[in-house]
Structure formats: C-alpha cells, structure tokens
Amino acid sequence: MNQDVIIALDFPTGAETLQFLDHFPAGEKPYVKIGMELFYAEGPDMVRAIKARGHRIFLDLKLHDIPNTVKRAMASLSRLDVDMVNLHAAGASEMMRAALEGLTRPDGSRPLLIAVTQLTSTNDAALKNELLIDTPMAETVMTYAKNAAASGLDGVVCSPLEAAGVKSVCGEKFVTVTPGIRFADSAAGDQKRIMTPELAGKSGCDYLVMGRPITQAEDPVAAYRRAVQDFLG
Ligand code: C5P
C-alpha cells in the first residue's frame, strides 16, 4: 500500500510556491498538491516546473462536465505527467468512466483518479433544500464512493473520520485521500473535523493532504518530516 503525506501548495503565485519548495534539501522531494488557485494563476507551466524538480503531483482541479469534455480534459492533464487527479462523483458513472479513458496514456499507464463525493462545505440543509437530496449526508457520501469504485476509479477524497468506513464499503485497496489533518498542538483554523497524522495512520488513510500546518510553520521542513514520521511511524 502506498501511503504518503501530500503538501497542499496553496500559494497565489509561482514565485511564492517555488520559494517554499526551496526550503527542502536537493534530495528531498515531497509529494505536493496543486489546486485551482495556483493552476489558474500560473497554468500548466507551473505543473511542468514542479514536475521537473522531481516532485510527484496531485492536480486538484475537481473536473465536472459532460463525459466527452471531461475525457478530453483528462487527456490533457495526463500529458502533464501528473500522478493524481480528481473529479466530482456528482458527474455520475458515465462521466467517471470517460475520465478514466481520457487519462490512460498510449502505454497503458495513467495518474490515479480520485473522486470528490460531497464537498465538506455542503451541509445537511444545503443537501436537502438546494440540491434536493433527501438521503442523509453520510449515506450520500458512501453511495458516491461506491459509484466511483464501480466506475473503476482508484479512490476518494474524504474526511479521515470516514476513511475506515469507505474502506469497509469499497474495499481495502480503494484509496483514501484525507485533508483535515492537524498536529495535536497546531491551530485547526477553519477545519472542523480533524485528526492527527498518527491517528490517521491507524485509521485507513492512504494519503494525508496537509497545507497550513506545514506551509505556515516556522520550519516547514521539520513540520513535514514530523508529519511523515507520525503518519508512517
Ligand atoms: O491548510 P489545510 O491543511 O487545511 O489544507 C487542506 C487542503 O485540502 C486545502 O488545499 C483544501 O482546499 C483541501 N481540501 C480540504 N477539504 C476538503 C477537500 C479539500 O481541506 N474536503
């Protein structure tokens, strides 16, 4: 089982991002996440630059469109040689299968494809009153995860508190990518349902996504190493 800590590069500019990565010694190449903020500011050249430095990349763009558009967009992302990408499971099975097709390179290799179930910013009231989904949140999340697994996807983004449940429903090999990770002594910020790296390691989490506890630390390299050590033991 591949397990790792992924640093969320939530910076507004490429210059700040590269400055942050320069903290790490030449031989240490953390797995990183590039999200919409940085990608929309700096474009695919930023992905290429970080890849050229030797990092593995989770490109967190959460695609959601008609199957043909998603398929073609995924083909573009796959050519960027990233290691993990994602989409909204709300796009339904046909879109998820098309995404997989688009991602697969001529040699048969492809990045991991991960689904977002329900955004953690969606609460029960919005689910019921705006999205008109009467099924309770927990059941909706698990059903979306099952749809993703049945469509051939590799895993889901979920809360570390949901990881064990996702594995029990979708299988041990179904990958869980979990934000909401905090050291016991670090600020929670706007994250509400949090877990320490150590407990996440015992709770079925495969990839921890950590932003501010590492990027805002006085010594980001030490914070990253601490997370890896606590998570992997
Ligand atoms: O700084 P922090 O550790 O809270 O960063 C977590 C990262 O994971 C951010 O990039 C955030 O957008 C992302 N994320 C999240 N919760 C989700 C999905 C993604 O915190 N449900």
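FYI, side chains are in, hydrogens and waters are out, and symmetry mates aren't considered; it's all heavy atoms of this structure. Counting starts at 1 for both ligands and their atoms, in listed order.
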Report task. Give the intermediate values and the outcome of ring pair (Phe, Tyr, Trp, His ring centres under 6.0 Å) for residues Tyr207 and Tyr31. Result -> CA-CA 10 Å; Tyr207 291 96; Tyr31 204 141; 5.7 Å; yes

Which protein non-hydrogen atom lies closest to [atom], naming both residue and atom, and how far is it?
atom                    : answer
atom 7 (C) of ligand 1  : Val209 CG1, 3.8 Å
atom 21 (N) of ligand 1 : Thr120 OG1, 2.9 Å
atom 5 (O) of ligand 1  : Gly211 N, 3.7 Å
atom 20 (O) of ligand 1 : Gln191 NE2, 2.8 Å
atom 10 (O) of ligand 1 : Asp10 OD2, 2.8 Å

Query - Plane angle bin for His64 and His88 - parallel if under 30°, tilted between 30 and 60°, otherwise perpendicular - result: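 If you compare the ring of His88 with that of His64, the planes turn out tilted.
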
**Report entry** Identity of the nearest option to atom 16 (N) of ligand 1, non-hydrogen atoms only, from Gly180, Ala187, Pro179, Gly189
**Finding:**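 Heavy atom nearest to atom 16 (N) of ligand 1 belongs to Pro179.
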
Query raised in the report: Considering only heavy atoms, which of Lys33, Glu37, Gln216, Arg182 lies nearest to atom 12 (O) of ligand 1?
Result: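 Among Lys33, Glu37, Gln216, Arg182, the closest heavy atom to atom 12 (O) of ligand 1 comes from Lys33.
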
Requested in this report: May I ask you to check whether over 12 heavy atoms, not counting those of Arg72, lie within 6.0 Å of atom CZ?
Outcome: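 Open: at most 12 neighbouring heavy atoms sit under 6.0 Å from CZ of Arg72.
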
Report task. For Pro213, take its heavy atoms, then give the atoms of ligand 1 lying under 4.0 Å from any of them. Result ->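 Atoms satisfying the 4.0 Å criterion: 3 (O).
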
Query - Proximal ligand 1 atoms for Arg212, defined as those under 4.0 Å from one of its heavy atoms - result: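 So the atoms of ligand 1 that pass are 1 (O), 2 (P), 3 (O), 4 (O).
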
Query - Identified side chain to side chain contact (heavy atoms under 4.5 Å, CB included) partner of Met46 from the options Thr13, Ile57, Leu9, Thr17 - result: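 Among Thr13, Ile57, Leu9, Thr17, the one that satisfies the side chain to side chain contact (heavy atoms under 4.5 Å, CB included) with Met46 is Thr17.
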
Query raised in the report: So, Ser159 and Glu162: side-chain donor and acceptor under 3.5 Å apart, yes or no?
Result: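 Looking only at side-chain atoms, Glu162 and Ser159 do not form any donor-acceptor pair under 3.5 Å.
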
Query raised in the report: Side chains of Ser109 and Arg105: donor-acceptor distance under 3.5 Å anywhere?
Result: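 Looking only at side-chain atoms, Arg105 and Ser109 do form a donor-acceptor pair, the distance falling under 3.5 Å.
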
Query raised in the report: Is the shortest N/O to N/O distance between Asp190 and ligand 1 below 3.5 Å?
Result: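 N/O-N/O distance below 3.5 Å does not exist for this pair.
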
Query - N-O pairing of Asp206 and Lys173 below 4.0 Å - result: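 Answer for the salt bridge query: no.
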
